[in-house]
Amino acid sequence: MKITSVSTALLEPMPWVLVKVRTDEGLIGIGEAYHGAGVHQIAVDHRLMRPLIGQDPRNVDKLFRDMRNAMSASGFYQGAVMSAISGIEMALWDITGQSFGVPIWQLLGGKFRDRIRVYNDCHEGDDNTPKSWAEKAKAVEARGFDAIKFDIDPQPTQRDKYNRGISNENIDFFVNAVATIREALHPNTDLLIDAHWFYSPSDILKVAQGLESLNLLWLEDPIPPENIDVMAMVTRSTSLPICTGENFYTAHGFRELIEKQASDIISPDLAKSGGLLEGRKIADLANLYYIPYSPHNISGPIGTVAACHVCAAVENFQVLEFHHLDNELWNGLTIEQDLIIDGHITIPESPGLGVTLNENVAREACKEDLGFFE
Ligand code: MG
């Protein structure tokens, strides 16, 4: 079997990047790359095509390395380039699974679990009262989710958006809001908080101190991601579990974070950190330190289900992110409906990815001027 073409479709309003790989035997693989500037174009760039066209798509690890190596001298292979490679890699696994008649999770070593627990990201309350944050959380919990996330991004009253400071008023608001949510939820419903890299170490630790008694599953991205030593310091300075990882690429990119145990939980995004096998390698590296694995995910259903195959196949999976509750396009993009039931996604049993892209829905959502898998 040989790869004959790679093509993409950029959707809107969410800029999901779908990748299609075709073969000379008629098998077609679908993947999803993390959206980012030009990812839909990078995925079909001739420098990525060269190592793929004419090759057997089932040599996935080799082709991943060939793509990576091909981009080494062309601006390196992180960021948008690795997102494009990740989407292609997923499509290669889809083809490989179909070719052997087994689901992707089987090729990744088999499954630990039949259902993948997902958490719903609520962002913020409908207004700036702790009560409205709690009401939103209760409404999501009532729909079957037992893990829920809120953001503590800077509020309009924050003093200076450049110095990573946070006012005492804002600290009080966040601690109050999170405490009110915690009080409203069932004790076994996990609550997660995301700080989106906005704060200085000393200021986010003031917030963390206020949250320590609330049994949170984690505080995510308390500071910017680059300085692993500072992340380790923050992690050791609070009893609150710290989670980070969505801005790290490949197993190499996670090595220092994991070896220094700078984060209690890691959250790679499989649509940008290197795809499915690299996602498994990152999980296994973390598992050497007993670190739970909770992938970041804002993908459409293709990227989300692809991530589920890895989540099924690794021992240390904890919970998978989900952002698109009540998003008609998310729900319409696959022929299979109701992928999330009671806060869980059931692992597909059919070959390859195990869900089918609804091409008509995708075509309607496609940015027309860029073409549709052409
Ligand atoms: Mg996040």
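Atoms within a ligand are numbered from 1 in the order they appear, just like the ligands themselves.
- If you look at Glu246 and ask which of its N, O or S atoms sits nearest the Mg ion (ligand 1), the answer is OE1.
- When distances to the Mg ion (ligand 1) are checked against a cut-off of 2.8 Å, Asp194 contributes an N, O or S atom below that limit.
- Side-chain atoms of Ser267 and Glu321 include no donor-acceptor pair closer than 3.5 Å.
- Cation-pi geometry between Lys20 and Phe373 is satisfied (NZ or CZ under 6.0 Å from the ring centre, within 45° of the ring normal).
- Using a cut-off of 2.8 Å, one finds that Asp121 contributes no N/O/S atom close to the Mg ion (ligand 1).
- Between the side chain of Asp24 and the backbone N or O of Lys2 there is at least one donor-acceptor pair closer than 3.5 Å.
- At a threshold of 2.8 Å, the Mg ion (ligand 1) has a backbone or side-chain N, O or S atom of Glu220 nearer than that distance.
- Two rings, from Trp16 and His324, have their centers less than 6.0 Å apart.
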